[in-house]
Enquirer: 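Once you've had a glance at the structure underneath, I'll fire off some questions.
None of these values were measured; they are calculated from a predicted model. Reminder, nothing fancy here: chain letters follow the sequence lines and each chain counts from 1.
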Number of protein chains: 2
Amino acid sequence: MARAASTKGNTRIQRQKTKQILDAALEVFSTYGFRGSTIDQIAAQAGLSKPNILYYFDGKEAIHGVLLDRLLHTWLEPLEHLGESDNPVDEICAYVTRKLEMSRDYPRESRLFANEILQGAPNILADLQGPLKSLTDEKCRLIQSWIDEGKIAPLDPHHLIFSIWSTTQHYADFDVQVQAVLGESGADRFATAQTHLDRLFRSMLTPRADHDI
Amino acid sequence: MARAASTKGNTRIQRQKTKQILDAALEVFSTYGFRGSTIDQIAAQAGLSKPNILYYFDGKEAIHGVLLDRLLHTWLEPLEHLGESDNPVDEICAYVTRKLEMSRDYPRESRLFANEILQGAPNILADLQGPLKSLTDEKCRLIQSWIDEGKIAPLDPHHLIFSIWSTTQHYADFDVQVQAVLGESGADRFATAQTHLDRLFRSMLTPRADHDI
DNA sequence: CATAGTCTTGACCATATGGTCAGAAAAAGA
DNA sequence: TCTTTTTCTGACCATATGGTCAAGACTATG
């Protein structure tokens, strides 16, 4: 009867099929973007018929919407865990590591997000200006306090976060380019990236004698 | 009569209209991606009729192809200028600055490129594996020589380049997010980013005493 | 100004795509 | 088993979109 507009989850079959569809949709949307994807593609990927897809979801946009909702949650989580610490440099580097691991383990989510932002974030602009901005501002105040205490080198917290996001997500969003440029030696790209990024941010964050800068 | 398959350029009108169309197409493609864009959109943006667009180009894909060709040239140029220098740190930082300026001045080109890579680079994969890889490898050897001479700190040249690309292009590709997070204070985002990135890469590149690492 | 060549467009076509629907098939209850 | 509910599908519809074409409008030039 009356049920959630876009997410069924009562029956066993409903749970299984919705999951199946969302996984297929993530695969397709993250590869071709929203407008570049078709319900038929999603159906084929999920091994279901098109009308069957539309039996579980109210339309192409509804599927996309559910994916974006879940994505935002997943995406914000690591930053939420950036907390108080005796050693802020390690704390931030741990965040970098975590973000890189997400690029390695959830590249589809990263590309879905990138696609959405690239096209002007038509569906998640409010979330960016609301929850994301709030959380980011909060963490920037924390970082600023570390700077004031002299625990990390002085820098612009917001841009530090942008640098972390961009460098780590690059390995998911631009993986094709990364692999093309690295060629044969690209097999261990995430391991070498980990070493590189840790060194990059550690060297920037570690406070040093005044005369160095 | 016989003329270039996709680029007319003989008559004055031809030059003007092709330019007009390419500019409109860049606007549209960079915003909605290839499959998300329609010839009608491009026509509207260019102030021309759809058949008129198709009079100058052999189809949607041909327009996209021309844009990608030009893009690759424009995109590789800054890296080509990374050359010998007494002060490698300044040289690399100048490259960072140049890349950031390109994000500021040519955001559409950056997004067109990002869209193409995100979707698996179907049209430029060969260029990535060929010219781009060659150029990158060459510059990495140069960077490695600087490392060997002790002029810059030891690091992975390829990943250094990835970090430069990602951090600078982020300000074009993810501008919506950057502005959402920065809010009111985002007006001077490119200026503050410049300061931040210069500091970031300078601190990583500057060699220091062994005991520091 | 007449003519050849260039440019432009309204009308049209074929296909792709999002979405609907009536009814069949399968599960779940009784 | 019989009934009810849920799940599934072939056939279908309306629209959007890439692309064509014949004919008209314009431009340069002899």
Enquirer: What is the distance, to the nearest angstrom, from the NZ atom on B:K17 to the C1' atom on C:dC7?
Expert: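 Result: 8 Å.
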Enquirer: Expressed in angstrom and rounded to an integer, what is the separation of B:Y56 atom OH from C:dT8 atom C1'?
Expert: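 B:Y56 atom OH is separated from C:dT8 atom C1' by 8 Å.
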Enquirer: Expressed as a whole number of angstroms, how long is the span from A:Q16:CD to D:dT6:P?
Expert: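 Between P of D:dT6 and CD of A:Q16: 18 Å.
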Enquirer: Are OP1 or OP2 of C:dG19 and a side-chain N or O of A:Y55 less than 4.0 angstrom apart?
Expert: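 False: A:Y55 side-chain N/O out of range (4.0 Å or more) of C:dG19 OP1/OP2.
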Enquirer: On the nucleotide C:dT17, are OP1 or OP2 found under 4.0 Å from the side-chain N or O atoms that B:R35 carries?
Expert: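 Checking B:R35 against C:dT17: at least one side-chain N or O falls below 4.0 Å of OP1 or OP2.
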Enquirer: Side chains of B:D175 and B:H170: donor-acceptor distance under 3.5 Å anywhere?
Expert: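 No.
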Enquirer: Please report the C-alpha distance between B:T136 and B:H158 in whole Å, then the side-chain angles of each, then the deciding distance to 0.1 Å, and finally whether the side-chain hydrogen bond (donor to acceptor under 3.5 Å, both in side chains) criterion is met.
Expert: CA-CA 8 Å; B:T136 307; B:H158 280 104; over 6 Å; no
Enquirer: For the pair B:F162 and A:Y171, name the ring-plane relationship: parallel under 30°, tilted 30 to 60°, perpendicular over 60°.
Expert: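 B:F162 and A:Y171: perpendicular rings.
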Enquirer: Taking the side chain as everything from C-beta on, heavy atoms only, tell me whether A:Q119 gets closer than 4.5 Å to B:N115.
Expert: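 When only atoms from C-beta onward are counted, B:N115 and A:Q119 do touch, with a gap below 4.5 Å.
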Enquirer: Anything under 30° is parallel, anything over 60° is perpendicular, the rest tilted; go ahead and classify B:F174 against A:F113.
Expert: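 Aromatic pair B:F174/A:F113 classed tilted.
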Enquirer: Under 4.0 Å between a side-chain N or O of A:Q14 and OP1 or OP2 of D:dT6?
Expert: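 False: A:Q14 side-chain N/O out of range (4.0 Å or more) of D:dT6 OP1/OP2.
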Enquirer: For the residue pair A:D173 and A:S110, confirm or rule out a side-chain donor-acceptor distance under 3.5 Å.
Expert: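 A pair is found: one side chain offers a donor N or O, the other an acceptor, under 3.5 Å apart.
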Enquirer: Given D:dG18, C:dC7, D:dC21, identify the nucleotide with an atom nearest to the side chain of B:K60.
Expert: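 Of the candidates, D:dG18 comes closest.
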Enquirer: Rounded to the nearest 0.5 Å, what separates atom CG in B:L48 from atom CG in B:L54?
Expert: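 So the CG of B:L48 and the CG of B:L54 are separated by 11.0 Å.
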Enquirer: Which nucleotide wins on minimum distance to the side chain of A:N52, given the candidates C:dA11, D:dC8, C:dT8?
Expert: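 The answer is D:dC8.
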Enquirer: For DNA chain C, which residues of residues 36-50 of chain A approach it to below 4.0 angstrom with any heavy atom?
Expert: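 A:S37, A:T38, A:I39, A:K50, in order of number.
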Enquirer: Can you check the B:I21 CD1 to C:dT8 C1' distance for me, whole Å?
Expert: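 Going from B:I21 (CD1) to C:dT8 (C1'), I get 12 Å.
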Enquirer: Specify the separation, in whole Å, of atom CD of A:Q20 and atom P of D:dT7.
Expert: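 Rounding to the nearest Å, CD of A:Q20 and P of D:dT7 are 13 Å apart.
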Enquirer: From CD1 of B:I13 over to P of D:dA28, roughly how many Å is that when rounded to an integer?
Expert: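 Interatomic distance, CD1 of B:I13 to P of D:dA28: 6 Å.
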Enquirer: Please report, rounded to the nearest Å, how far the P atom of C:dG18 is from the CG atom of A:L54.
Expert: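 One finds 9 Å between P of C:dG18 and CG of A:L54, rounded.
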Enquirer: Would you indicate, yes or no, if C:dA28 has its OP1 or OP2 atom less than 4.0 angstrom from a side-chain nitrogen or oxygen of A:R12?
Expert: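 Answer yes for this pair, as a side-chain N or O of A:R12 is under 4.0 Å from OP1 or OP2.
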Enquirer: Whole angstrom is fine here: how far is it from NE2 in B:H64 over to C1' in D:dG18?
Expert: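 To the nearest whole Å, that distance equals 16 Å.
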